[in-house]
Amino acid sequence: MEHEIIRINTHFQDLIGWIAVMDGITVGHVFMQIQKDNKIKFLDAWVHEDYRRRGIYRSLWDTRWEYVKDIYTDKTIYAWCLPMSLPLLQEKGFTEGDTCVYVEKKI
């Protein structure tokens with residue numbers, strides 16, 4: 001089963017996104033935000049649990065990466081990622097920064 005990648009412009013908070021579609025169903029997405037000071041923030045990525053381990057995340061990520069390289073020059077790209085996503089970012093030349101720890105409390 002092949003998936004199709006479609007770019008979407010949300011017109012909300014300067015977000016650009018890509019969705020992965022299989023058989024008319026959205027099975028994944030990635031977004032980025034154009035920010036001031038020559039920065040682009042790579043935002044959340046998601047693939048439906050029933051469609052993971054099929055290369056969809058990599059396809060979405062690479063599509064966004066090629067778009068950024070083609071359209072935006074002299075911009076700084078940054079992202080927050082989970083440890084399992086770090087190898088892909090390092091493969092693309094990103095440098096690991098400080099570590100953040102997620103915390104929560106129900107009130």
Q | Verdict with reasoning, Ile56 to Met22, per side chain to side chain contact (heavy atoms under 4.5 Å, CB included) | A | CA-CA 10 Å; Ile56 294 170; Met22 291 179 77; 3.9 Å; yes

Q: Sorted by first residue and then second, give each salt bridge (charged side-chain N to carboxylate O under 4.0 Å, His left out) pair with at least one member in residues 36-52; sequence neighbours left out.
A: none

Q) Does the Arg64 side chain pair with the main chain of Gly17, one donor and one acceptor, at a distance under 3.5 Å? A) no

Q: Could you pull out the closest heavy-atom pair between Trp18 and Leu60, with the gap in Å?
A: O-CD2, 3.6 Å

(Q) Are Tyr57 and Trp80 linked, directly or through intermediate hydrophobic residues, by side-chain heavy-atom contacts shorter than 4.5 Å (ILVMFWY only)? (A) no

Q | Set of ring-ring contact (aromatic ring centres under 6.0 Å, His included) partners for Tyr72, sequence neighbours left out | A | none

Q | Heavy-atom side-chain contact between Arg7 and Ile16 under 4.5 Å | A | yes

(Q) Is there a path of hydrophobic side-chain contacts, each under 4.5 Å between heavy atoms of I/L/V/M/F/W/Y residues, joining Leu86 to Trp46? (A) no

Q. Which residues satisfy the side chain to side chain contact (heavy atoms under 4.5 Å, CB included) test with Glu66, sequence neighbours excluded?
A. Lys69

Q) Going hydrophobic residue to hydrophobic residue with side-chain gaps under 4.5 angstrom, can you get from Ile71 over to Met32? A) yes

Q.
Determine whether Lys92 and Asp62 satisfy the following criterion, side chain to side chain contact (heavy atoms under 4.5 Å, CB included), listing intermediate values before the conclusion.
A. CA-CA 10 Å; Lys92 300 296 183 182; Asp62 286 347; 3.2 Å; yes

Q: Give, for atom CG of Asp14 and atom CD1 of Ile40, the distance between the pair rounded to the nearest 0.5 Å.
A: 11.0 Å

**Q.** Closest contact, heavy atoms only, Pro83 versus Pro87
**A.** O-CD, 3.5 Å

**Q.** Interatomic distance, Asp70 atom CG to Trp65 atom CH2 [nearest 0.5 angstrom]
**A.** 11.5 Å

Q. Are side-chain heavy atoms of Tyr78 and Gln35 found at a separation under 4.5 Å?
A. yes

Q.
Hydrophobic cluster membership, with links at side-chain heavy-atom distances under 4.5 Å among I/L/V/M/F/W/Y: are Ile77 and Trp61 in one?
A. yes

Q. Tell me, do His3 and Arg54 make a side-chain contact under 4.5 Å, heavy atoms counted?
A. no

Q: Hey, can you tell me if Phe42 and Phe94 have their rings parallel, tilted or perpendicular (30° and 60° cut-offs)?
A: tilted

Q: Taking the side chain as every heavy atom from C-beta outward, state whether Asn38 and Thr76 have any atom pair closer than 4.5 Å.
A: no

